[in-house]
Amino acid sequence: LSPALLSAFVTERSAAGPLLVAGERSAGVYDLLEYLVVDETRRKLPDALYLLTIGIPTRLSSELAGLPHQRAGIVDPADTAAVEQLLDELRSELERRLQTGQGASPDVLLVVDEWGDLPSCGSLPDLLAAHGSAVGIRVIAATTHGADEGLDDWVRLFATRLVLRVGSEIASLRLLGEPGAEDLDWVGQLWPRLCGHV
(Lines give C-alpha, C1' and ligand atoms only; values in the text may rest on other atoms or scores of the structure.)
Protein backbone atom coordinates (compact mmCIF):
# COMPACT_ATOMS: atom_id res chain seq x y z
CA LEU A 1 0.00 0.00 0.00
CA SER A 2 1.72 3.18 -1.16
CA PRO A 3 1.86 6.03 1.40
CA ALA A 4 2.14 8.51 -1.48
CA LEU A 5 -1.00 7.09 -3.06
CA LEU A 6 -2.90 7.28 0.22
CA SER A 7 -1.72 10.86 0.79
CA ALA A 8 -2.92 11.81 -2.67
CA PHE A 9 -6.21 10.10 -1.94
CA VAL A 10 -6.68 12.08 1.29
CA THR A 11 -5.92 15.33 -0.53
CA GLU A 12 -8.38 14.58 -3.33
CA ARG A 13 -11.19 13.61 -0.99
CA SER A 14 -10.78 16.36 1.57
CA ALA A 15 -14.06 17.93 0.49
CA ALA A 16 -15.90 14.62 0.25
CA GLY A 17 -18.25 13.16 2.81
CA PRO A 18 -17.55 10.69 5.60
CA LEU A 19 -14.87 8.04 5.02
CA LEU A 20 -15.16 4.47 6.30
CA VAL A 21 -12.24 2.05 6.67
CA ALA A 22 -13.58 -1.50 6.87
CA GLY A 23 -12.30 -5.05 7.05
CA GLU A 24 -11.02 -7.63 9.47
CA ARG A 25 -8.92 -6.33 12.32
CA SER A 26 -6.00 -8.53 11.27
CA ALA A 27 -6.04 -6.88 7.84
CA GLY A 28 -4.87 -3.60 9.38
CA VAL A 29 -8.12 -1.63 9.72
CA TYR A 30 -7.06 0.39 12.78
CA ASP A 31 -3.55 0.94 11.41
CA LEU A 32 -5.00 2.42 8.21
CA LEU A 33 -7.44 4.55 10.21
CA GLU A 34 -4.58 5.98 12.26
CA TYR A 35 -2.45 6.57 9.18
CA LEU A 36 -5.23 8.60 7.56
CA VAL A 37 -5.80 10.65 10.72
CA VAL A 38 -2.09 11.36 11.21
CA ASP A 39 -1.81 12.33 7.55
CA GLU A 40 -4.64 14.84 8.07
CA THR A 41 -2.90 16.36 11.11
CA ARG A 42 0.37 16.57 9.20
CA ARG A 43 -1.32 18.96 6.78
CA LYS A 44 -2.80 21.38 9.32
CA LEU A 45 -1.69 23.01 12.56
CA PRO A 46 -3.71 22.34 15.74
CA ASP A 47 -5.37 25.76 15.56
CA ALA A 48 -6.67 24.92 12.08
CA LEU A 49 -7.86 21.36 12.76
CA TYR A 50 -9.01 19.64 15.88
CA LEU A 51 -9.83 16.01 16.47
CA LEU A 52 -12.73 14.51 18.36
CA THR A 53 -11.82 10.86 18.87
CA ILE A 54 -14.00 8.02 20.14
CA GLY A 55 -12.21 4.72 20.57
CA ILE A 56 -10.96 2.03 22.87
CA PRO A 57 -7.52 3.16 24.04
CA THR A 58 -6.00 -0.30 23.59
CA ARG A 59 -7.06 -0.30 19.91
CA LEU A 60 -5.49 3.08 19.20
CA SER A 61 -1.89 4.11 19.72
CA SER A 62 -0.57 6.48 22.36
CA GLU A 63 0.86 8.56 19.50
CA LEU A 64 -2.66 9.24 18.25
CA ALA A 65 -3.82 10.13 21.76
CA GLY A 66 -0.88 12.51 22.14
CA LEU A 67 -1.47 14.56 19.01
CA PRO A 68 -1.81 18.25 19.88
CA HIS A 69 -4.90 18.36 17.65
CA GLN A 70 -6.87 16.22 20.11
CA ARG A 71 -9.64 18.28 21.68
CA ALA A 72 -10.57 15.88 24.50
CA GLY A 73 -8.15 12.97 24.26
CA ILE A 74 -9.59 9.62 23.26
CA VAL A 75 -13.09 9.12 24.64
CA ASP A 76 -13.79 5.48 25.52
CA PRO A 77 -17.10 4.31 24.00
CA ALA A 78 -17.83 2.51 27.29
CA ASP A 79 -18.16 5.97 28.87
CA THR A 80 -21.58 6.63 27.40
CA ALA A 81 -22.03 9.95 29.19
CA ALA A 82 -18.76 11.31 27.75
CA VAL A 83 -19.62 10.02 24.27
CA GLU A 84 -23.08 11.58 24.38
CA GLN A 85 -21.61 14.88 25.58
CA LEU A 86 -19.05 14.91 22.77
CA LEU A 87 -21.70 14.13 20.15
CA ASP A 88 -24.09 16.74 21.59
CA GLU A 89 -21.33 19.37 21.38
CA LEU A 90 -20.58 18.30 17.81
CA ARG A 91 -24.27 18.57 16.87
CA SER A 92 -24.44 22.06 18.37
CA GLU A 93 -21.36 23.14 16.44
CA LEU A 94 -22.71 21.65 13.22
CA GLU A 95 -26.05 23.43 13.65
CA ARG A 96 -24.28 26.70 14.43
CA ARG A 97 -22.15 26.43 11.30
CA LEU A 98 -25.15 25.53 9.15
CA GLN A 99 -26.76 28.78 10.27
CA THR A 100 -23.77 31.12 10.24
CA GLY A 101 -21.12 29.36 8.12
CA GLN A 102 -17.72 28.09 9.17
CA GLY A 103 -16.09 31.51 9.26
CA ALA A 104 -12.69 31.36 10.95
CA SER A 105 -13.56 28.24 12.97
CA PRO A 106 -11.08 25.36 12.65
CA ASP A 107 -11.89 22.21 10.73
CA VAL A 108 -13.23 19.39 12.88
CA LEU A 109 -12.47 15.72 12.28
CA LEU A 110 -14.58 13.16 14.13
CA VAL A 111 -12.58 9.93 14.44
CA VAL A 112 -14.40 6.74 15.50
CA ASP A 113 -12.51 3.47 15.78
CA GLU A 114 -15.69 1.33 15.61
CA TRP A 115 -18.70 3.08 14.15
CA GLY A 116 -20.90 0.04 14.73
CA ASP A 117 -20.44 0.41 18.51
CA LEU A 118 -21.63 4.02 18.70
CA PRO A 119 -24.84 4.64 20.64
CA SER A 120 -27.80 5.97 18.70
CA CYS A 121 -26.98 9.50 17.50
CA GLY A 122 -30.40 10.44 16.15
CA SER A 123 -30.15 12.50 12.99
CA LEU A 124 -26.51 13.55 13.56
CA PRO A 125 -24.93 10.97 11.19
CA ASP A 126 -27.29 11.97 8.37
CA LEU A 127 -26.57 15.66 8.97
CA LEU A 128 -22.83 15.02 8.94
CA ALA A 129 -23.08 13.00 5.74
CA ALA A 130 -25.20 15.60 3.97
CA HIS A 131 -23.72 18.88 5.22
CA GLY A 132 -20.66 18.35 7.41
CA SER A 133 -17.93 18.71 4.79
CA ALA A 134 -19.41 21.97 3.50
CA VAL A 135 -18.87 23.58 6.91
CA GLY A 136 -15.55 21.96 7.81
CA ILE A 137 -16.77 19.00 9.87
CA ARG A 138 -15.74 15.58 8.57
CA VAL A 139 -15.75 11.96 9.72
CA ILE A 140 -13.19 9.19 9.44
CA ALA A 141 -14.42 5.95 10.98
CA ALA A 142 -13.57 2.27 10.97
CA THR A 143 -15.48 -0.95 11.38
CA THR A 144 -14.63 -4.62 11.68
CA HIS A 145 -18.33 -5.60 11.79
CA GLY A 146 -18.67 -6.37 8.09
CA ALA A 147 -20.88 -9.41 8.61
CA ASP A 148 -23.34 -7.74 11.01
CA GLU A 149 -26.89 -7.41 9.72
CA GLY A 150 -27.19 -3.99 11.37
CA LEU A 151 -24.40 -2.69 9.12
CA ASP A 152 -26.92 -1.91 6.40
CA ASP A 153 -28.57 0.71 8.62
CA TRP A 154 -25.57 3.03 8.69
CA VAL A 155 -22.95 2.04 6.11
CA ARG A 156 -24.94 4.00 3.48
CA LEU A 157 -23.78 7.18 5.23
CA PHE A 158 -20.24 6.56 3.96
CA ALA A 159 -20.12 7.23 0.23
CA THR A 160 -16.34 6.74 0.39
CA ARG A 161 -15.06 3.43 1.77
CA LEU A 162 -11.66 1.80 1.90
CA VAL A 163 -12.27 -1.92 2.27
CA LEU A 164 -9.52 -4.29 3.34
CA ARG A 165 -9.91 -8.05 3.54
CA VAL A 166 -13.28 -9.14 4.96
CA GLY A 167 -14.36 -12.55 6.21
CA SER A 168 -17.10 -13.36 3.73
CA GLU A 169 -18.68 -12.52 0.41
CA ILE A 170 -21.72 -11.22 2.32
CA ALA A 171 -19.52 -8.66 4.10
CA SER A 172 -18.02 -7.59 0.78
CA LEU A 173 -21.49 -7.15 -0.72
CA ARG A 174 -22.58 -5.04 2.26
CA LEU A 175 -19.50 -2.81 2.14
CA LEU A 176 -18.76 -2.60 -1.59
CA GLY A 177 -21.96 -3.64 -3.28
CA GLU A 178 -20.11 -6.51 -4.95
CA PRO A 179 -17.97 -9.52 -4.01
CA GLY A 180 -14.17 -9.47 -4.03
CA ALA A 181 -12.98 -8.04 -0.72
CA GLU A 182 -13.04 -11.53 0.80
CA ASP A 183 -10.25 -12.51 -1.62
CA LEU A 184 -7.83 -9.70 -0.81
CA ASP A 185 -4.48 -10.35 0.84
CA TRP A 186 -4.35 -10.14 4.62
CA VAL A 187 -2.36 -6.90 4.61
CA GLY A 188 -1.75 -4.26 2.00
CA GLN A 189 -4.60 -4.65 -0.47
CA LEU A 190 -7.81 -2.67 -0.45
CA TRP A 191 -10.78 -1.91 -2.65
CA PRO A 192 -11.88 1.72 -2.65
CA ARG A 193 -15.48 2.76 -3.06
CA LEU A 194 -15.37 6.48 -3.86
CA CYS A 195 -18.62 8.43 -3.91
CA GLY A 196 -20.55 5.29 -4.76
CA HIS A 197 -18.14 3.92 -7.39
CA VAL A 198 -16.06 0.82 -6.66
Side-chain angles (χ1 to χ4, degrees), residues 1-14 16-44 46 49-78 83 86-87 90 107-118 121 125 128-129 132-133 137-148 151 154-155 157-167 171-172 174-176 181 184-195:
L1 202 56
S2 162
L5 189 60
L6 276 175
S7 294
F9 166 78
V10 169
T11 302
E12 290 297 321
R13 67 155 301 277
S14 61
L19 165 65
L20 180 68
V21 179
E24 295 186 331
R25 182 171 183 172
S26 57
V29 169
Y30 302 126
D31 295 326
L32 181 54
L33 174 73
E34 287 199 32
Y35 176 86
L36 292 169
V37 173
V38 169
D39 194 65
E40 292 271 355
T41 61
R42 182 180 61 83
R43 298 166 187 278
K44 292 188 177 181
L49 169 71
Y50 68 77
L51 304 177
L52 299 175
T53 305
I54 301 171
I56 295 177
T58 55
R59 281 201 295 232
L60 300 174
S61 70
S62 58
E63 287 79 9
L64 187 66
L67 288 172
H69 302 73
Q70 292 285 3
R71 182 71 175 245
I74 295 179
V75 177
D76 193 318
V83 170
L86 183 148
L87 294 175
L90 182 61
D107 287 346
V108 178
L109 184 61
L110 174 64
V111 180
V112 182
D113 77 345
E114 185 48 73
W115 189 269
D117 290 345
L118 275 185
C121 309
L128 287 169
S133 294
I137 300 176
R138 294 182 295 114
V139 179
I140 295 181
T143 188
T144 57
H145 295 336
D148 292 2
L151 187 76
W154 54 261
V155 75
L157 299 169
F158 296 89
T160 300
R161 303 171 205 154
L162 296 178
V163 182
L164 298 150
R165 181 183 172 91
V166 295
S172 183
R174 285 188 170 131
L175 292 163
L176 286 173
L184 295 174
D185 288 342
W186 282 107
V187 177
Q189 282 191 321
L190 59 79
W191 276 44
R193 181 181 174 94
L194 311 178
C195 299

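Only a predicted model underlies this, so the values are computations on that prediction, with no experimental measurement involved.
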**Prompt:** Are the side chain of S172 and the backbone N or O of A181 linked by a donor-acceptor pair below 3.5 Å?
**Reply:** yes
**Fill in**
Across all chains, not counting sequence neighbours, the side chain to side chain contact (heavy atoms under 4.5 Å, CB included) partners of P46 are P68, H69
**Partner set under side chain to side chain contact (heavy atoms under 4.5 Å, CB included) for D117, not counting sequence neighbours** =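 Side chain to side chain contact (heavy atoms under 4.5 Å, CB included) check on D117 returns R59, E114, H145.
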Hey, are the side chains of [X] and [Y] touching, using non-hydrogen atoms and a 4.5 Å cut-off?
| X | Y | result |
| --- | --- | --- |
| L87 | I54 | yes |
| E40 | D107 | no |
| P18 | L157 | no |
| L64 | Q70 | yes |
| I56 | P77 | yes |
| L36 | L162 | yes |

For the [atom1] atom of [X] and the [atom2] atom of [Y], what is their distance to the nearest 0.5 Å?
| X | Y | atom1 | atom2 | result |
| --- | --- | --- | --- | --- |
| S61 | L67 | OG | CG | 7.5 Å |
| R138 | L128 | CZ | CG | 12.0 Å |
| R71 | L86 | CZ | CG | 10.0 Å |
| D31 | L60 | CG | CG | 10.0 Å |

Least distance between heavy atoms, [X] atom then [Y] atom:
| X | Y | answer |
| --- | --- | --- |
| V166 | G23 | CG1-CA, 3.8 Å |
| R161 | V155 | NH2-O, 3.3 Å |
| L19 | F158 | C-CD2, 3.5 Å |
| P57 | D76 | CD-OD2, 3.6 Å |
| A72 | V75 | O-CG2, 4.2 Å |
| G55 | I74 | O-CG2, 3.2 Å |

**Request:** Apply side chain to side chain contact (heavy atoms under 4.5 Å, CB included) to L110 and I137, showing your working.
**Result:** CA-CA 8 Å; L110 174 64; I137 300 176; 5.8 Å; no
**Asked** What residue among V139, L90, L51 forms side chain to side chain contact (heavy atoms under 4.5 Å, CB included) with V108?
**Response**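 The passing option is L90.
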**Request:** Please say which of D113, L109, L32 ends up in a side chain to side chain contact (heavy atoms under 4.5 Å, CB included) with I140.
**Result:**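 So, applying the side chain to side chain contact (heavy atoms under 4.5 Å, CB included) to I140 and each of D113, L109, L32, only L109 qualifies.
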